[in-house]
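Here the structure is laid out as structure tokens; the discussion comes afterwards.
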Amino acid sequence: MDLAFIAAVFPKLLAGLPLTLSLAVLSLSGGAILALLLSGLRASSWLGAQFANFYVYIFRGTPLLIQIFLIYYGLAQFPALRHSLLWPLLREPYVCAVLALMLNDAAYTSEILRGGLRAVSSGAIEAAKVAGMSRPTMLRRIVLPLAFRQALPAYGAEVTSMVKATSLASVVTLMEVTGLARAEVSQSYRAIEVFLCAAVIYLVLVTLITRLVHWLEDRLSTHRSPALDRSPA
Amino acid sequence: MNPTTVRLTNIHKSFGRQEVLRGIDLEARDGDVISIIGSSGSGKSTLLRCIPFLEIPDQGEVTVGDETIVLTGAGHRFSRAERQKIRRLRGQIGFVFQSFNLWPHMTALQNVMEVPLHVQGRPRAECREEAEAMLAKVGLADKRDAWPAHLSGGQQQRVAIARALASRPRALLFDEPTSALDPELVGEVLRVIRALAEEGRTMLIVTHEMAFAREVSSHAIYLHEGRIEEAGPPQQVFLDPVSERCRRFVRGQAGPVD
Ligand SMILES: Nc1ncnc2c1ncn2[C@@H]1O[C@H](COP(=O)(O)OP(=O)(O)OP(=O)(O)O)[C@@H](O)[C@H]1O
Ligand SMILES: [Mg+2]
């Protein structure tokens, strides 16, 4: 293997890291907000719950790559959109990619959140109720913190899978890490070295995130395992 | 006579077609300690849970302090004003559950501070000071930073009592506070409750601890199939009840005479 070549390729690929990260951060934040909204919808009414279930069914039941293509090529099919003020935005590959990743992440995250919410004990909720807590306070102080702790391991996995999924954005011309790697291969024809470099970049990212999530889990789950007790005896 | 703290008037409650409470009248005046006894399924928990609207009575009237709520029939839809009223009413009550129900993501101290701080909006320093005093009162000053999962059942229940006290309630409601405990842990919780009775707190206690109930309460109520079958001073209800059924019940519960 040509170490000099690899040393030269790395910085080139790293130039795509900011784009990769911004795709991940934007779609994860948007996805989280959408997931909360979906949970609210699910709790609001029968019709709301049906809609939320259908949404999750569609976005988890089809490949993300197809969703990206559908948004990138499909939106232009709607004259109403093409003539709207938003069109200059919706025409952007970056916006399309974020939109697809975000909508997809929302479906998975809302299911994870649902599992977390189900695990909140009715006793904890009754204790809050009987103390005269309002619903928003109860959500903020009791329900969501408990649901979040429960959902954290699954959510950590979702975050890493979204970071990897950003590589699909390269198919709509975005020059993030994978996009740059493909461009480099088409010039140098040294696919193995280049893609290995890209793989290492993703691996490091995923490892860092996994560490962070484990650290957070440790900090937040002292209440579960006596072994982790840090309080004075 | 002391002012009324809790009053229930003609409370009815059904689950489906089963009528669990069939017209309950009950009054607790300031400083009263009322024990509620009865066999399993007689409606004791339901009765207690109707006071802070954990169960919504179908019919009747609930008063706590200066808040009164009148129910007009099953499926009553509460207006916004009524919902706020229910929350104010709940704010005047401290409820202690059989299964403690501490918030598992908060330390003992945080559990006790939560309601004064985040519901009543009192100053943090004051909340902390009072929470520490409450923990000391139940004998757990040294456990302030412990997580509920690391406490014994008896300790968890004592934290729960401290939590109930911290919101400065007018009345404390206990639903079988020692039934989930190992026998050797029952005493420490009963001691705390007894001390509260001696302080003159207004309390309603559902319990199977007959000797304890006889000793601490100023009134006792025997519930049978959703009705108050016997009510009076503890000497009467526990030792010489009018109702034959109540007599058999207290005999059966008393166990070997000590
Ligand atoms: N949420 C509910 N839904 C349906 N039925 C209920 C519900 N809660 C209580 N019941 C029924 O109401 C009756 C009275 O229950 P309750 O819990 O008040 O009895 P209890 O006197 O507290 O009994 P125990 O000593 O076992 O705690 C029981 O038959 C019970 O099955
Ligand atoms: Mg009960």
Side-chain angles (χ1 to χ4, degrees), chain A residues 40 43-46 112-113 115-156 213-233, chain B residues 48-49 51-55 64 67 83-121 142-151 156 159-160 163-164 166-167 169 172-173 175 180:
Chain A
S44 70
S45 67
W46 181 84
I112 291 169
L113 190 61
L117 287 172
R118 232 194 331 249
V120 178
S121 76
S122 62
I125 292 174
E126 280 202 333
K129 234 193 209 180
V130 85
M133 254 187 216
S134 63
R135 276 181 63 91
T137 310
M138 203 187 304
L139 269 182
R140 186 169 58 82
R141 299 287 312 165
I142 311 290
V143 176
L144 287 179
L146 284 173
F148 182 73
R149 281 166 172 76
Q150 185 69 32
L152 191 55
Y155 188 62
V213 171
H214 278 164
W215 175 79
L216 209 59
E217 266 177 61
D218 267 11
R219 268 192 61 105
L220 292 180
S221 67
T222 35
H223 62 287
R224 272 198 222 122
S225 138
L228 294 168
D229 194 1
R230 298 198 181 86
S231 63
Chain B
L48 207 65
R49 290 164 57 83
I51 299 172
F53 287 79
L54 285 178
E55 303 292 353
V64 176
E67 305 291 345
R83 284 202 301 272
Q84 278 170 358
K85 212 166 171 182
I86 289 177
R87 273 204 277 125
R88 284 201 303 274
L89 181 151
R90 285 171 171 164
Q92 310 196 28
I93 274 178
F95 201 101
V96 177
F97 298 87
Q98 182 175 339
S99 49
F100 332 132
N101 293 351
L102 292 179
W103 295 305
H105 59 305
M106 300 182 190
T107 62
L109 186 70
Q110 288 167 340
N111 263 279
V112 180
M113 283 176 67
E114 179 65 17
V115 173
L117 190 59
H118 292 281
V119 179
Q120 301 177 329
D142 56 329
K143 295 291 181 191
R144 39 170 287 170
D145 294 322
W147 302 101
H150 303 169
L151 296 173
Q156 287 189 54
V159 173
R163 175 177 69 174
S167 57
L172 289 168
L173 313 186
D175 188 4

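Quick note: numbers below take in every heavy atom, side chains included, and nothing from hydrogens, waters or symmetry partners. To find a chain, count down the sequence lines: A is the first, B the second, and so on, and within it residues start at 1.
- Looking at B:R49, only its side chain comes within 4.5 Å of chain A, counting heavy atoms on both sides.
- In this structure, chain A has a heavy atom under 4.5 Å from the side chain of B:R163, while its backbone stays farther away.
- Between chain B and the residues A:A131, A:S134, A:P145, the largest count of heavy-atom pairs under 4.5 Å involves A:S134.
- Between the CZ atom of B:R87 and the NZ atom of A:K129 there is a distance of 12.5 Å, given to the nearest 0.5 Å.
- The candidate from B:V96, B:L89, B:I93, B:N101 with the greatest count of non-hydrogen atom pairs under 4.5 Å with chain A is B:N101.
- Ranking B:L173, B:L54, B:V115, B:T107 against chain A, the residue ahead of the rest is B:L54, based on heavy-atom pairs under 4.5 Å.
- Using a 4.5 Å heavy-atom cutoff, the side chains of B:M106 and A:R141 are in contact.
- Only the side chain of B:E114 comes within contact range of chain A, with heavy atoms under 4.5 Å apart.
- Under the salt bridge (charged side-chain N to carboxylate O under 4.0 Å, His left out) criterion, B:R88 pairs with B:E67, sequence neighbours left out.
- Residue B:H118 comes nearest to A:T137 through the heavy atom pair O-CG2, 3.9 Å, listed as atom of the first residue, atom of the second, then distance.
- For A:R140, the CZ atom is densely surrounded, since the number of other residues' heavy atoms within 6.0 Å is greater than 12.
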